[in-house]
Structures are given as C-alpha cells and as structure tokens.
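Input: one structure, supplied below.
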Amino acid sequence: MWLRKRRVITLAQVPEFPQINFELGWRQIIDPETQQAIINEVYQISHKVNIKIWLGIKWLSVYIALRPGEMLNLQEKHIDPNIGALVIPHPKEKTPKIIPLLDDDIEVLRGMPRGLPELYFFRHNPGVRWSEQRRQFGVGDRCA
C-alpha cells in the first residue's frame with residue numbers, strides 16, 4: 001500500500017498476501033509480594049554500583065504510563081523534583097506527558113547529585129568495568 005500511495009505501482013500490481021494465523025503469547029504475572037521482593041533484591045545487589053538500576057526497575061513497576069524506551073531517554077532536564085514529575089517530551093502518543101512522582105521517589109531524587117541538563121538520567125557511573133562511564137543505559141551494555 002505504501003508503494004501504491006506513492007504511485008510506484010498500480011492497484012492491479014499490489015500482490016495478494018497470504019493470511020497468517022498467530023496467537024499472542026502471555027506474560028507471566030507475579031503477585032505484588034513477589035514483585036516487591038524482586039525489587040528489594042535488585043536494590044541490595046545494585047545500590048552500591050548505581051542506584052539508578054534499582055530506580056529504573058521500580059519506576060517501571062509503579063508508573064504504568066512510563067514506557068521503557070521513554071524512561072531510558074529521560075534526560076536530567078526532564079526530571080524535576082521541585083514539581084515532583086517526569087516530563088516526557090516526545091512520547092509515542094505524540095503529545096508531551098507529565099508523570100507525577102510519589103513522595104518517596106522525589107526524596108530519592110533530591111538525595112542524588114544532578115548532572116548537566118542534556119545528560120541522560122539513566123547512565124552508567126564511572127568505574128563500571130563493562131560499560132563506558134556516563135553512557136546511557138541499554139546502549140552497548142553487556143555483562144562482563
């Protein structure tokens with residue numbers, strides 16, 4: 001249809017595509033207690049290396065309007081502990097969205113040093129051997 005709309009091919013040249021039957025898979029759902037135990041264990045493992053590892057997982061479990069890609073692309077300027085919100089300037093929905101933060105998360109943010117406005121919030125700290133320091137989470141990551 002893309003080619004037809006651009007007048008590269010005519011309607012008569014559009015091929016007939018076969019019908020493909022498929023069934024979507026289901027995600028495993030865990031109870032809230034198990035989820036909290038997992039998040040607590042991630043905190044124990046990661047808070048000394050980079051507390052943002054735990055914070056990202058926690059945010060994805062709490063803020064259902066926050067997509068993983070949106071979270072990874074948050075820059076320091078998109079997080080405002082003074083108003084207590086995340087500002088997603090370019091979400092999938094095309095309209096900027098504001099996600100209010102819980103008081104506990106605002107306090108965590110206030111306890112963190114802030115970076116330059118253009119830095120990604122979810123970035124690696126200096127000294128992590130398997131990734132370049134200050135590189136955005138998810139970009140070229142691999143476990144050592």
Side-chain angles (χ1 to χ4, degrees), residues 1-9 14-144:
M1 295 321 248
W2 184 88
L3 291 171
R4 187 175 154 259
K5 286 181 182 179
R6 284 153 184 78
R7 302 185 193 282
V8 175
I9 62 174
V14 175
E16 188 172 323
F17 292 97
Q19 179 71 28
I20 300 173
N21 295 321
F22 64 93
E23 187 175 319
L24 294 175
W26 284 93
R27 293 182 181 173
Q28 181 181 2
I29 298 174
I30 59 172
D31 60 273
E33 294 79 21
T34 304
Q35 182 182 43
Q36 191 58 51
I38 292 168
I39 293 170
N40 292 342
E41 183 66 20
V42 169
Y43 176 83
Q44 292 301 320
I45 293 169
S46 67
H47 78 278
K48 291 181 182 174
V49 175
N50 189 342
I51 197 163
K52 292 178 182 179
I53 297 168
W54 162 78
L55 190 61
I57 293 169
K58 180 179 179 289
W59 282 4
L60 289 174
S61 74
V62 172
Y63 305 111
I64 59 173
L66 182 62
R67 290 186 170 89
E70 294 169 348
M71 186 186 75
L72 289 176
N73 287 318
L74 282 171
Q75 294 175 321
E76 291 280 350
K77 66 184 175 184
H78 300 141
I79 301 171
D80 190 342
N82 295 324
I83 64 167
L86 305 175
V87 179
I88 313 295
H90 305 289
K92 185 177 182 180
E93 299 88 358
K94 307 285 188 224
T95 306
K97 64 182 171 183
I98 297 174
I99 300 173
L101 295 170
L102 298 173
D103 291 340
D104 292 345
D105 292 331
I106 295 169
E107 288 307 311
V108 169
L109 288 171
R110 287 190 175 138
M112 292 180 174
R114 297 302 304 257
L116 296 172
E118 301 300 320
L119 285 176
Y120 288 105
F121 180 75
F122 289 99
R123 64 187 181 276
H124 292 286
N125 290 335
V128 177
R129 69 174 188 240
W130 64 83
S131 181
E132 287 182 35
Q133 65 184 19
R134 296 180 184 81
R135 178 180 268 183
Q136 178 187 14
F137 282 10
V139 177
D141 287 346
R142 61 178 172 74
C143 292

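Below, all heavy atoms of this structure are taken into account, side chains as well, without hydrogens, waters or symmetry copies. Note that the structure is a prediction, hence the values are computed from the model and not measured.
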Checklist entry - Of all residues at least two apart in sequence or in a different chain, which pass the ring pair (Phe, Tyr, Trp, His ring centres under 6.0 Å) check with H47? => result Y43
Checklist outcome for this item: By side-chain hydrogen bond (donor to acceptor under 3.5 Å, both in side chains), E23 pairs with (sequence neighbours left out) none
Next on the checklist: So, using side-chain hydrogen bond (donor to acceptor under 3.5 Å, both in side chains) as the criterion, who are the partners of D80 when residues are at least two apart?
Outcome noted: none
Item to check | Minimal non-hydrogen separation, I98 against A85, with atom names | outcome: CG2-CB, 3.6 Å
Next on the checklist: Between L55 and D105, does the side-chain contact (heavy atoms from CB on, under 4.5 Å) criterion hold? Intermediate values first, please.
Outcome noted: CA-CA 8 Å; L55 190 61; D105 292 331; 4.2 Å; yes
Checklist entry - side-chain contact (heavy atoms from CB on, under 4.5 Å) between W2 and V8: does it pass, once the steps are laid out? => result CA-CA 9 Å; W2 184 88; V8 175; 5.5 Å; no
Next on the checklist: Suppose we screen for side-chain hydrogen bond (donor to acceptor under 3.5 Å, both in side chains). Which residues come up paired with K52, at least two apart in sequence or across chains?
Outcome noted: none
Next on the checklist: Any non-hydrogen side-chain atom of L74 less than 4.5 Å from a side-chain atom of W59?
Outcome noted: yes
With a cut-off of 3.5 Å and sequence neighbours excluded, list every side-chain donor-acceptor pair involving residues 108-117.
{"residue": "R110", "atom": "NH1", "partner": "E107", "partner atom": "OE2", "Å": "3.4"}
{"residue": "R110", "atom": "NH2", "partner": "P81", "partner atom": "O", "Å": "3.0"}
{"residue": "R114", "atom": "NE", "partner": "E76", "partner atom": "OE1", "Å": "2.9"}
{"residue": "R114", "atom": "NH1", "partner": "I79", "partner atom": "O", "Å": "3.4"}
{"residue": "R114", "atom": "NH2", "partner": "E76", "partner atom": "O", "Å": "2.6"}
{"residue": "R114", "atom": "NH2", "partner": "E76", "partner atom": "OE1", "Å": "3.2"}
{"residue": "R114", "atom": "NH2", "partner": "I79", "partner atom": "O", "Å": "3.0"}

Next on the checklist: As a quick check of understanding, evaluate side-chain hydrogen bond (donor to acceptor under 3.5 Å, both in side chains) for N40 and Q36, giving each step before the final call.
Outcome noted: CA-CA 6 Å; N40 292 342; Q36 191 58 51; 3.0 Å; yes
Next on the checklist: Restricting to non-hydrogen atoms, name the atom on S61 and the atom on I39 that form the minimum distance, rounded to 0.1 Å.
Outcome noted: OG-CD1, 3.3 Å
Item to check | Residues forming a side-chain hydrogen bond (donor to acceptor under 3.5 Å, both in side chains) with T95, sequence neighbours excluded | outcome: none
